[in-house]
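Everything on this sheet refers to the single structure shown next.
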2 protein chains.
Amino acid sequence: MSLRHALLGLLADGPASGYDLTRAFDGSIGRYAWQAGHSRIYPELAKMAEAGQVVVDETGPRGRKTYALTDDGHTELRRWMLHWPEQANVRDETVLRMFLVQSLEPEDARRLLEGIAAHCLAEIENLRPVMEADDAEHRPGDPLPFGRLAGEYGLRQYEAVHGWALWSLERLGAAEPAGTS
Amino acid sequence: MSLRHALLGLLADGPASGYDLTRAFDGSIGRYAWQAGHSRIYPELAKMAEAGQVVVDETGPRGRKTYALTDDGHTELRRWMLHWPEQANVRDETVLRMFLVQSLEPEDARRLLEGIAAHCLAEIENLRPVMEADDAEHRPGDPLPFGRLAGEYGLRQYEAVHGWALWSLERLGAAEPAGTS
DNA sequence: AGCAACATGTAACGAGTTACATGATTTA
DNA sequence: TAAATCATGTAACTCGTTACATGTTGCT
């Protein structure tokens, strides 16, 4: 039931409507952590309201309803954040490809790994200035901007994958002397 | 349709039965890349056979059927491995928690991050000897053992997350002077 | 003989995606 | 006034999980 906890976590930052929460999933959370569209979010918010974890906070123009966390919602969020299971499964197509690299001909494997390395470099060059801009605006003592820790995570992630791809190319290159020289 | 490609990739290593493939998902692939139980795997193999991507290779004792890749299966696997979409979504509860760290009180956030750091260290100490044993057995020129690249990826991943958790603790610590020191 | 492991399958359920459906408000 | 965006909802489909169901082989 991670969708529920994602919503609780996002609402901890302040009241939001189903529409706002749907937009949040269009960003980094949706890419790196969890996915959901509005068609799942609205019914889930309704269930959470029924369970007393959120309440309708305000009603706005176009039938807009903003939800806010209740104390129960906060408690449940905290419980979930702190007791995470050791065995959490990850679903990641890129990692799946990594597991299967050795099913390719060496030449194809090299092409794939070179693609991964290039892609990571591009993402790093994309993320780094964003993080640096965040840091430039930030004064010591202020709370970190929402997502700053996650952004740093993404940056380090790409750096790690980049390093891995280069290491793998070296390994594969050693096994196949018809290489790049 | 990643389950299909996971099965194609596993079968590229040699013919296997539904039972064997189910066992494969109990290991690292299931933890870090993709999940499936036998109840999805058997019907999927049947569909793949219908689509001509695999064929029943041998029948053994207890109704055991081993499947082997056809040329079409190989072609489809290669296609999928090489054209991966830029926008591949990842589903990962741990990363979700990272995105939501800032919804916690600073004291709880520190506890969570310390837990993550400790967990990563434990995983690193678990994985490193396995990888080193693989390398000790490996002679230059031999193909790398199946999963060696993925294992290295896992190791580097944990190192990156460990570094991230320490960095985050430092950042959070600076914002909250009632710290450890 | 009994138990663990091998081996395959179906059914019900849960949750995310895509498509269908509708309407209000803001902006050009 | 037309288009984009805001805003909410339901229905059908896909696919992974859990539970139900059954039978065989090998080992002790």
Side-chain angles (χ1 to χ4, degrees), chain A residues 1-8 10-11 15-27 29-51 54 56-67 80 85 87-93 95-96, chain B residues 1-8 10-11 15-27 29-51 54 56-67 80 85 87-93 95-96:
Chain A
M1 267 223 287
S2 287
L3 172 58
R4 175 160 306 194
H5 297 105
L7 296 173
L8 290 170
L10 289 168
L11 288 172
S17 67
Y19 188 84
D20 297 334
L21 293 165
T22 302
R23 289 286 83 80
F25 278 91
D26 289 340
I29 287 189
R31 183 144 181 215
Y32 300 116
W34 209 263
Q35 295 84 44
H38 76 272
S39 64
R40 274 288 303 151
I41 291 169
Y42 289 119
E44 189 64 28
L45 284 168
K47 274 195 193 171
M48 289 160 76
E50 206 185 332
V54 297
V56 175
D57 182 52
E58 276 183 10
T59 50
R62 294 155 270 239
R64 176 186 168 93
K65 284 180 284 186
T66 57
Y67 290 87
W80 180 80
Q87 174 61 306
N89 291 328
V90 175
R91 204 171 298 174
D92 187 330
E93 275 197 20
V95 176
L96 181 55
Chain B
M1 266 223 287
S2 287
L3 172 58
R4 176 161 305 196
H5 297 106
L7 295 173
L8 289 171
L10 289 168
L11 287 173
S17 67
Y19 188 84
D20 297 334
L21 293 164
T22 303
R23 288 287 82 83
F25 279 90
D26 289 340
I29 286 190
R31 182 143 182 216
Y32 301 115
W34 209 263
Q35 294 84 45
H38 77 273
S39 63
R40 275 289 303 149
I41 290 169
Y42 289 119
E44 190 62 29
L45 285 168
K47 275 195 193 172
M48 289 160 76
E50 207 185 332
V54 297
V56 175
D57 182 51
E58 276 183 8
T59 50
R62 294 154 269 239
R64 176 185 168 92
K65 284 181 286 186
T66 57
Y67 289 87
W80 180 80
Q87 176 59 307
N89 292 328
V90 175
R91 203 170 297 174
D92 187 330
E93 275 198 20
V95 175
L96 181 56

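Residue numbers begin at 1 in each chain, while the letters A, B, ... track the order of the sequences.
- B:R4 has its CZ atom 12 Å from the C1' atom of D:dC15, to the nearest Å.
- Atom pair B:Q87:CD and C:dT17:C1' shows a separation of 14 Å (rounding to whole Å applied).
- Side-chain N/O atoms of B:K65 include one lying less than 4.0 angstrom from OP1 or OP2 on C:dG9.
- Residue B:P61 has its side chain nearest to D:dT25 when only C:dA24, D:dT25, C:dT8 are considered.
- Within 4.0 Å of B:R40, counting heavy atoms only, lies at least one base atom of the nucleic acid.
- Distances shorter than 4.0 Å separate none of the side-chain N or O atoms of A:R62 from OP1 or OP2 on C:dG23.
- Nucleotides of DNA chain D nearest to B:L3 and A:S39 differ in position, and the one nearer the 5' end is that of A:S39.
- Within the model, atoms CG of B:L10 and CD1 of B:I29 stand 4.5 Å from one another, a figure rounded to the nearest 0.5 Å.
- Between A:T66 and A:R91, it is A:T66 whose nearest contact on DNA chain D lies nearer the 5' terminus.
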Q: Under the salt bridge (Lys or Arg N to Asp or Glu O under 4.0 Å) rule, what do B:E58 and B:K65 come out as? Steps first, then yes or no, please.
A: CA-CA 6 Å; B:E58 276 183 8; B:K65 284 181 286 186; over 6 Å; no

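- Atom-to-atom, CZ of A:R64 to P of C:dT25 comes out at 14 Å; the value is rounded to the nearest Å.
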**Q.** side-chain contact (heavy atoms from CB on, under 4.5 Å) between A:D92 and B:Y32, worked out
**A.** CA-CA 7 Å; A:D92 187 330; B:Y32 301 115; over 6 Å; no

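- Between C:dG16 and A:W34, a contact under 4.0 Å exists linking OP1 or OP2 to a side-chain N or O.
- As rounded to whole Å, 13 Å separates atom C1' of D:dG16 from atom NE2 of B:H38.
- To the nearest 0.5 Å, atoms NZ (A:K47) and CG (A:L3) are separated by 10.0 Å.
- Remark: P of D:dG16 and CD1 of B:I41 are 10 Å apart, rounded to the nearest angstrom.
- Each of B:R23 and A:E44 was matched to the nucleotide of DNA chain C holding its nearest heavy atom; the match closer to the 5' end belongs to B:R23.
- Under 4.0 angstrom from either OP1 or OP2 of D:dC6 there lies at least one side-chain N or O belonging to A:Y19.
- One can place CD of B:E93 at 11 Å from P of C:dG16, the figure rounded to the nearest angstrom.
- For the pair A:R23 and A:Y19, the distance from NZ or CZ to the six-membered ring centre is under 6.0 Å and the angle to the ring normal is within 45 degrees.
- Between A:Y42 and D:dT8, a side-chain N or O to OP1/OP2 separation shorter than 4.0 Å is present.
- Spacing between atom CG of B:D26 and atom P of D:dT17 amounts to 11 Å, rounded to whole angstrom units.
- If you take NZ of A:K47 and C1' of D:dT10, they are 15 Å apart, rounded to a whole angstrom.
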